[in-house]
Each structure stands twice: as C-alpha cells, then as structure tokens.
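This report refers to the structure that appears directly beneath it.
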Amino acid sequence: MKPNGNKYAVRQGAVLFSEYAPGSGIKKALEIGRENILLELRESKLKGRGGAGFPTATKWMLVAAAKSEEKFIVCNADEGEPGTFKDRVLLLEYPELVFEGMLIAGYTLGARQGIIYLRGEYEYMLKSLESYLEQMKEDNLLGNNILGNPNFNFEIVIRLGSGAYVCGEETALIESLEGNRGEARNRPPYPVNTGYLGRPTVVNNVETLASVPHILVKGGEWFRTFGTDKSTGSKLFSVSGDCERPGVYELPWGTKIKDLLEIVGAKNTKAVQVGGASGSCIPKSQFERTLAYEDAATGGSIMIFNESRNMLKILKNFMEFFVEESCGQCTPCRVGNVKLLEGIEKIERGVYTFGHLNKLKELGRTMQVASKCGLGQSSPNAFLSILENFKEEIFNKNGYGGHNGK
Amino acid sequence: MESKEKYRVPVSQKPHVVEKPRDINTIGGTVTIEINEKKVSVPMGTTILEACRENQIHIPTLCHHDDLCVAGVCRVCVVEVEGMRTLQASCTFPITAPVKIHTSTPMVRKARRHIIDLLLSEHYGECYSCFRNQNCELQKLAKEYGVDQYNFGHLEKPRYETDRSSASVIRDMNKCILCKRCVRTCIDLQEVGVLEAINRGHETHIGTFFDKPLSDVICINCGQCINRCPTAALRANDPSDELWEAIENPKKHVVIQTAPSPRAGIGEEFGLEPGHSMTGELNTALRRIGFDRVFDTNFTADLTIMEEGTELLNRLKKAVLLGDESVKLPQFTSCSPGWVKFIEHFYPEFLGYLSTAKSPQQMFGAVIKTFYAKESGIDPADIVSVALMPCSAKKFECNRPEMRASGYKDVDYGLTTRELAQMIKEAGIYLPEMPKSHFDEPFGDASGAGLIFGATGGVMEAALRTVYELVTGREVPFKNLNIVPCRGFEGIKQASVMLEGCKDEYSFLEGIELKFIVAHGTANAKKVMEMLRKGELKDVHFVEIMACPGGCLGGGGQPIPTSEEIRKKRAEAIYAEDESLSLRKSHENPYVKYIYENFLTEGPCSELSHHLLHTHYQKRGKFIA
Ligand SMILES: Cc1cc2nc3c(=O)[nH]c(=O)nc-3n(C[C@H](O)[C@H](O)[C@H](O)COP(=O)(O)O)c2cc1C
Ligand code: SF4
Ligand code: SF4
Ligand code: SF4
Ligand code: SF4
C-alpha cells in the first residue's frame, strides 16, 4: 500500500507526475541490459536533483567502472534544506518510483544493497514505506532472483537520520550511516570510489532516482524534450512563503521565476530565495531569470518574500541556521558563519562600518572556496546576495554605517 | 615505522591513502605535476603537502601532524589546483593526475590569513602570559602571515572553564583551535578514546565523556595529546611554583632524581638539535638552581631490574619447576604509569600479569625517605623529593594512595623536562654552557642498563642482561651487550634467547627459549592484550610495555614538538651513552649490591622489599559512573 495513495491523481507534471505503471521501469531495465541503461541515462542528460547537479550517468558509470566485490546504492532522503519538501511528496505518493530507481541502479551497477537515509522527522513514514518494501518482496521485485533473474539480488533498508542538516551532504551521510559523527569527509576520493564501508557507492537524491524509471520506459530523448539544453527534464519545486498556493510543483527546467510566481499566485513579491538557505536571493529586477542549473539553480526550494518582509531579518534567520548547523569541523565554516552573523547584528544595531562589512564579504568569498564541504562553501551565498541585492533597503533602514559609519 | 597502518578514527579524519606503488619506476608509478610553474615528478598518491615539502615549498599547517592521520580541518594548507572550483587542502589531496598547483596566489594567501584571523578571533589568551609563548604553532603562523591586528575581533572573556582536575593534564579550551590532533592522538595513536569533539557548529569543543572532568574519565595521563597540541590548550600540571618555594625554604632538604629521557631531550628546549645528551650539564644546573642532592633514577632502574627480574625467575620457577598452573605468565612490566592505568581501566582482569615492582621513580621515593633519610640523618618529614621525568603520568603516579610506603608521600613532585627547562631559564642558566658534573653519592653510580629504560625495549634489554647472567653465569650472547632485537621503533617486537648451560639452581630453565615481546604506545599494548586474551601468549615469558610511542623518550613531558625523527635522535643519544659507560649491567651496580647487603638484607622480593619496592593495582574498569 502506498503511504498516501489518495492524493495520487491530483498531481500534474510532465515527467515525475506523469503516468507510470509500477514495475515497468525495472522490467524495461532487465530487457535492455546494463549498458543500454547507462546509455539511455546519458542520453537523457539527467543531472542530480539534490543540489549539486552532477550528471547522474557519469556518477553511475564511475561506480560501474570501480572494481569492488561490494557496491552500495544510497538514496539521500535527508531533505534538510530549508524550504524543501518535495522528496516527502515522492516518498509518500510515488514510492514505487524511488524504490525502482534504486533497484535499477542496483541492477546496473551490481550492488546488492540499497539504503534509504531518511530524514529523522520523516519517521512517521517508516511503517508504510517498510510495508511497501514488503509488498515488493512478495511481488519478487526485491529479494533474491528478482523477477526470475538468477543472480539479481537486491534489498533495500531504511535508516533514520539524526536531524543534522550537514548529514544530507553525501560524505557526512555516509559517516553517519557508519555510526560516526556526521562530518564531511575529505574529498577526493569521492564516494563513487570510497563510499559506504569504503566501497564504491552511488548517492542520489530521491528525485534523481525517481526520474530513472520514467527515463527508461519513455526514453532519454523524450526526457530531453523538457527543460533546457543544459538542464533537461522537469523539476519538482517546493514553493513556500508569500503566495496563495504554496506546495510542490513539477515544472520544466528553464521556467522563468516570473512565471512560477504567477502559477503559485504570488503578489507584491520583493524577492525569491532560490535554493534554500544555501541558495541565493533574487530581487524583483531579476525575475526574468530562469530556474536552471546554468542560471538560478536549486535543489527545489523556492521561498517567496513580498514587500512586507524585512530582508535583514530573513538573512539573519539564514545565518543563525548555519551557525547552528555547521558541523564545526573546519575553521572557515565554524567561525566564519559566526562572524557573518555578528556583522548582521551590528547592522541591526546600527553600529557597523562599511569597512568591516567589506571585510566580511571577502571573508564570505574565502568561505566559499576554503570550507571543507558544501555547507560552508554555500553558507555565505545568502549573505553576499542579500547584502548586494538589497543594500538600499537594508542600509536605508539601518542608517548608512550607523554612528560609526564612514 | 611506528605502526601507522590501521586507522580507527572516523573516515572523516582519515587520509584516503591512495596506495603508493611499491616500485615507482613501474609505468604509472609517478605523475609529473606542476607546482608554481615548476615541473616535478612525484610517486602516484603523494599528497600535495608531501610533494611541496619534497620540493622545498613551505605550506603552513595546523591540524596536520606527522604522527597522526590526516584531518583536513584547519584549512590553512589550502592551495589552488587548476580546474577545481574550490581551493584544496594540500594535506589531504592525493595526487593521481598531472595537476597544476599554485601555492601562493592572492586567493590562497587571503584565505590563509582569513583562517588565522578567524582562529585568533576565538582565541582567549595573551602570548606573554602563556607557557607556549615562542613555541606555539598558532603564534608562529600569525607572525608568518603578518597579523598586526585582529580583523574579526578577539575574545575578551574566556568561554570555558579550565579543567584542572587531573594530576597530570590541564585543559584550557579557550586556547583550543579545534585541530583535533589530541582527538586523533587519543583515539588513534593511543586507543584510549577519552577526547572527542562535542556539539556542533560554534558550540563545538573538545571534551570528555559527558564533559566530565579529566580526572573522572579513563584518561591514562600519558600526555601524548599535550605533545601534539599546537597551542597551550593542553599542558601538564606544573608544580614549579611550589618547588621554588621548597628550594628557598632552608628547612627543607630538596632532592631530585633525574630519569634518563629528560637528559636526552632537554637540549631541545635550549635550541640544540635533538639527540644531545646533557647529563653532566644538567647535574650542574640543578645544583645551581638550589637542589640539595641530585640523584640518578637509573640507580633505582637497576633496582627495578633486580626486583622485577627476580620476580620473573620466581614465577618461572613456580610454573616450570613446580608445575603451578595458577602462575601468571608472561609477566608484564609495570614501570610506565600510563600503561598501568591503561591496564587498570581496559584489562583489569589481567592485573595479575603485571609485575608488582614499582616504577624506578617510586622505588627511589621510598628509598630516599627511608634508607637515605636514615643514612644521612635527615628527618624524612623535611625531605622534599622531586622526580625529573619525561612524563606527565608520573605526576598522577606519585599521588596514588599506594605510594606512601615511607609513611610520607614517597615522591612529592613529578617535574617534566619542559617544566625544568623553564626553571633553568628562569634561574638565568644557559644549560649547554654548564660545566659537567657527576651525580651525588650515595646513589651516584648507575648502569647503562638503567639508562636505556628511556627507550622502548630498554627495560627488556636491561632485564635480559641481568636475568641471563643470573641464570647462566654468562653474559648475554649479543655483541657489546647490545640486544638489538629489543631496539627500534617497530610497534610490537618479538624475540627470544635460548637459556643454555644454566647454573645448578636454575637447571629447571635449561633448554628453555626465553620469549619476550616489546610494545610501545597503548594502541600496540591493546593488540598485545588481545593476544593474551586469546591465549596466544602462552609460550611468552616477559612483556615490556611503554605507554608512549618510542618509550619514555617520547613521553608526555618531553620537549615539544615531537616526531618519529626527533624520537629516533633521542634514542640514539641514549644508546650511545649506554655504550660509553663501563658499568652496563644492573646487578653489577655496586650500590645496588650495597643496598641489598645493608638495607634490604633479605634480598630482592623479600618482605621488606615488598613493602617498599612493590605495589598493588586497582581494578578501575572502563565504565565511568
Ligand atoms: C550541507 C549539504 C546538505 C545537503 N543535503 C542534501 C539533502 O538533504 N538531500 C539531497 O539529496 N542532497 C543533499 N545534498 C547534496 C548531496 O551532497 C549530494 O550531492 C546529493 O545527494 C547527490 O545526489 P544527486 O546527484 O542525485 O543530486 C546536500 C549537500 C550539502 C553540502
Ligand atoms: S564546511 Fe561546515 S559543515 Fe562542512 S566540514 Fe566545514 S564545518 Fe563542517
Ligand atoms: S596558545 Fe599560542 S597564540 Fe595562544 S596565547 Fe599561547 S602562545 Fe599565544
Ligand atoms: S586541545 Fe590542542 S590538540 Fe586538541 S583540538 Fe584543541 S588545539 Fe588541537
Ligand atoms: S612511557 Fe614513559 S613517559 Fe610515557 S607514560 Fe610511561 S613512564 Fe611516562
């Protein structure tokens, strides 16, 4: 049984929310064979939906090429980016897509185990997801000799995350799976070579995996008919904030921000935070920009702010989030985020100098290049983009440099 | 090589060692890269840091330490690698392709400066009131990058309370830069696992189990973390203020015994290259500071050999001659208090295997406040007994309630090499210029056997020189008495000597191959204990364990920094001094003979010697309430 089967019919979308017969993806996969699966995937130009946008076919090929007796498929269902809740919808309403995506990966790469790293807060789904897995086992879609294929054995286990944002970062996720503190590893080498238990591991976002069965059944070329040249297919956007119809939308890549705002019924919009706390903040003047890897990239989070919002407060919220969520391992992120937050507090109190703010901006750029993992590398994005794009508002409200200003 | 092959820390702190090819001349064995536009060829898998060091390019580091696995957390070693979006930590980046590296671009220099600024902004402390002043890696880096102001502020109030609970190690987390060297030392090098990063983000700090005071957790006091800490966040519990007072007090008779390792290390505190023995100079300096007597711990090391060796022979006799199956063999050495606390915590069920002999420090303490007090007519209550040790655990040891055989605290203060060097400097003395002088009588003579206690394998070698001769009447069959299989820095060494032509009283040992094991660093001790648990040591007779890597010469009270290179040099100095002595066997030490003839008249392991020179242990266990 699906955890939340009743809403199924309501969703509309070109790819993920399009029609799909459970089991057809894996059957197609078995029919065309490993090599053709990889070719089809390459044809589709599917890129990772978790945020970083790494070409999925390349990732799979690297794991396929890695020599090891054991390989793992990890589904990243940590969904920790503020304002993202699209993986929840997939897991609740389309688990067959996610599980089959993992199954296909397992078959293609010769892995015998798939692990779903489920966000701690999603514990409530655990029972129904597990009963769905039971059902798949009964249908011989999991377990041994799947669909009568000798030597095709695959199982999926679900592991609950511990609630730290950084555990969504793939190497921290693997550390956490291994029972260690959730901290990012040194890279290179990458999980495709040295992943879970030191074995080659695919880590893919829920949505990435869910796209795979559709691609196999309907073809990579079909997939490419949606989206742009560099951002193929469509994307789930979790829309929240000041709009009439927040929720999860499937829209083709390349959709203009302006158009999205219209679809969700947003009015008097001042800014859109694309990509969550670690993304960047886009002002009204740039609403012609498109949602795409090559333009305004996002793992799915879209937060809308209307004219009534205080951008400095919003920025402060983001920075407080990072100060809290940094794993504390490396210097630029652990201390840098605190300094950025202190800078914001100084602006609030009107006791800042532009000289100091400029220093902080430079610090932000160092954090982007010198932090150990994606968290610290992206945490200054909001600081840099909001201070740049909303300087009028911020400094008007808080005095031009306060009483110490120059 | 000290064993570095296995890593127990999380993978987040582990080098992803790309295995280097055994033969770099094979095809693909090397990669040609460019560092700052210069072409160089390096073995596949070399890290950028290694490659730069090979080519005389200095890269600053903080979390990196040659003894430890890689962490990649401080980020000061970042460099630019062409084609990569972000800067790369050179300590973690294995070279597997012909990369082009730039080590000093504006972006790199700015990033490094930022990182130093950030660390300083969280750093509470002033260099001039700090024991690491002029020997601090953070301070050095600040200088190197021309820090002349605090760009992101500086703490005005401490964030953490200093933990002074331990007799040995003091933790001031206000000076911690979270490099995690101590964590890696404790988890990986020593396998004790007391220290770990606690909490996340800005609240991250290095702490113990539930942030308990260090005295309440399973710390073994080895102080290895101190030696690897780049700043003053970790230090030993320094008694020198009290000591100065005692020295200035005319009523007090202040005696100091000096262990072998400090002599081999203390020159480093005065700017000398590692590997200079300063025995004679040190004796003079100590007298000039005001110590009333300067004794040689090697004397009681010789005594330890007599007691421990006799104990071993007694155990062997019971086991071999009398067939007593309850006898615990192999016998383990007990002169390293770090190791003793380790076994008390982690293997309490095996305490019966530990020799009951006290460490040389504590034997000396007991002898000074009894025999020496009597012979010299001084009230033991007026004696202040100090032990110069390479060791932080000795501070804990002298405070153990068992160590009051004289009716007083047998040893009042354990003083480390570093602390004494500070006192010497404070007294206006430049140690290397001191004239040499001898130890004071009556404990002035000691053997080279006692001296080599300072290096891993030394106790074993000293014991064998004596035991073999006691049993067979002949010298150990090794050239110049150098029992080479005991030497070197391999983590666990195993060897044996054949007992042949035994004297009548030891005929039961005829034809027995005396097997022994030498291990150093408690990670290796753990391996040996697991072998014992599995019953794999049934035919082994004697095991030497030193808590510190390299033995006491690498102890937690020795000069900072430390590295395998430095420890090797210290070992060389010790072995060279041993070879230069004419007296090289403990049982030939005339004063050892004298003490058994005039004081411990019943001989080794007698009732009196048991009272004064032996001890018992506590089953501590590894679970803390
Ligand atoms: C701080 C941080 C948090 C992340 N959180 C998530 C997450 O919650 N879910 C996710 O799929 N990817 C997350 N990622 C991205 C993953 O590291 C990884 O790139 C992704 O799982 C790869 O899958 P994909 O190629 O299918 O996108 C995060 C990255 C960072 C740096
Ligand atoms: S960037 Fe932040 S989250 Fe990532 S390793 Fe560094 S401290 Fe941890
Ligand atoms: S730890 Fe180093 S930087 Fe800090 S006060 Fe001491 S000497 Fe200065
Ligand atoms: S206590 Fe010292 S060694 Fe440990 S993390 Fe802090 S600075 Fe590093
Ligand atoms: S090995 Fe030496 S320095 Fe280390 S704890 Fe033991 S006695 Fe002390």
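Chain letters run A, B, ... following the sequence lines, proteins first and then strands; every chain starts at 1. What's counted below: heavy atoms across the whole structure, side chains too, no hydrogens, waters or symmetry copies.
Between A:Tyr196 and A:Phe72, the ring planes are perpendicular. Angles over 60° get that label, and only those under 30° would be called parallel.
Under the 3.5 Å distance criterion, the side-chain polar atoms of B:Arg75 are matched with a main-chain donor or acceptor of A:Ala370. Within the 3.5 Å criterion, the main-chain N or O of A:Ala172 finds no donor-acceptor partner in the side chain of A:Arg185.
Interface remark: of the candidates A:Cys330, A:Gly198, A:Gly336, A:Gly182, A:Cys330 forms the most heavy-atom pairs closer than 4.5 Å to chain B. The choice from A:Val323, A:Leu363, A:Asn337 that makes the most heavy-atom pairs within less than 4.5 Å of chain B is A:Leu363. Between chain B and the options A:His356, A:Gln377, A:Glu362, the largest number of non-hydrogen pairs under 4.5 Å is found for A:Glu362.
Note that A:Arg119 lies in the cation-pi zone of A:Tyr122, set by a 6.0 Å cut-off to the ring centre and a 45° limit from the axis.
Only the backbone of A:Gln368 comes within less than 4.5 Å of a heavy atom of chain B; no side-chain atom from C-beta onward does. At a 4.5 Å heavy-atom cutoff, the contact between B:Phe152 and chain A is made by backbone and side-chain atoms alike. Contacts of B:Ala197 with chain A are made by both backbone and side-chain atoms, with heavy-atom separations under 4.5 Å. Neither the backbone nor the side chain of B:Asp117 has a heavy atom closer than 4.5 Å to any heavy atom of chain A. In this structure, the portion of A:Lys339 lying under 4.5 Å from any heavy atom of chain B is its side chain and not its backbone. Neither the backbone nor the side chain of B:Arg112 comes within less than 4.5 Å of any heavy atom in chain A. Looking at A:Glu324, the atoms closer than 4.5 Å to chain B (heavy atoms on both sides) all sit in the backbone: N, CA, C or O. For B:Gln88, the part sitting under 4.5 Å from any heavy atom of chain A is the side chain, from C-beta outward, and nothing else. For chain A, the nearby parts of B:Thr86 are the backbone and the side chain; heavy atoms of each come within less than 4.5 Å. With a threshold of 4.5 angstrom between heavy atoms, B:Ile177 approaches chain A through N, CA, C or O but not through any side-chain atom. No part of B:Ile116 comes within reach of chain A, as not one of its non-hydrogen atoms sits under 4.5 angstrom from that chain.
With respect to B:Glu191 and B:Lys526, a salt bridge is recorded, a charged nitrogen being found less than 4.0 Å from a carboxylate O. Taking 4.0 Å as the cut-off between side-chain N and carboxylate O, B:Arg113 and B:Glu144 do not count as a salt-bridged pair.
Taking the six-membered ring where the residue is Trp, the centroids of B:Tyr160 and B:Tyr124 are separated by 6.0 Å or more.
Between the CD atom of A:Glu183 and the CD1 atom of A:Ile174 there is a distance of 14.5 Å, given to the nearest 0.5 Å.
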With salt bridge (Lys or Arg N to Asp or Glu O under 4.0 Å) as the test, would you mind laying out the steps for B:Glu122 and B:Arg159 before giving the verdict?
CA-CA 9 Å; B:Glu122 297 275 281; B:Arg159 287 179 76 197; 3.3 Å; yes
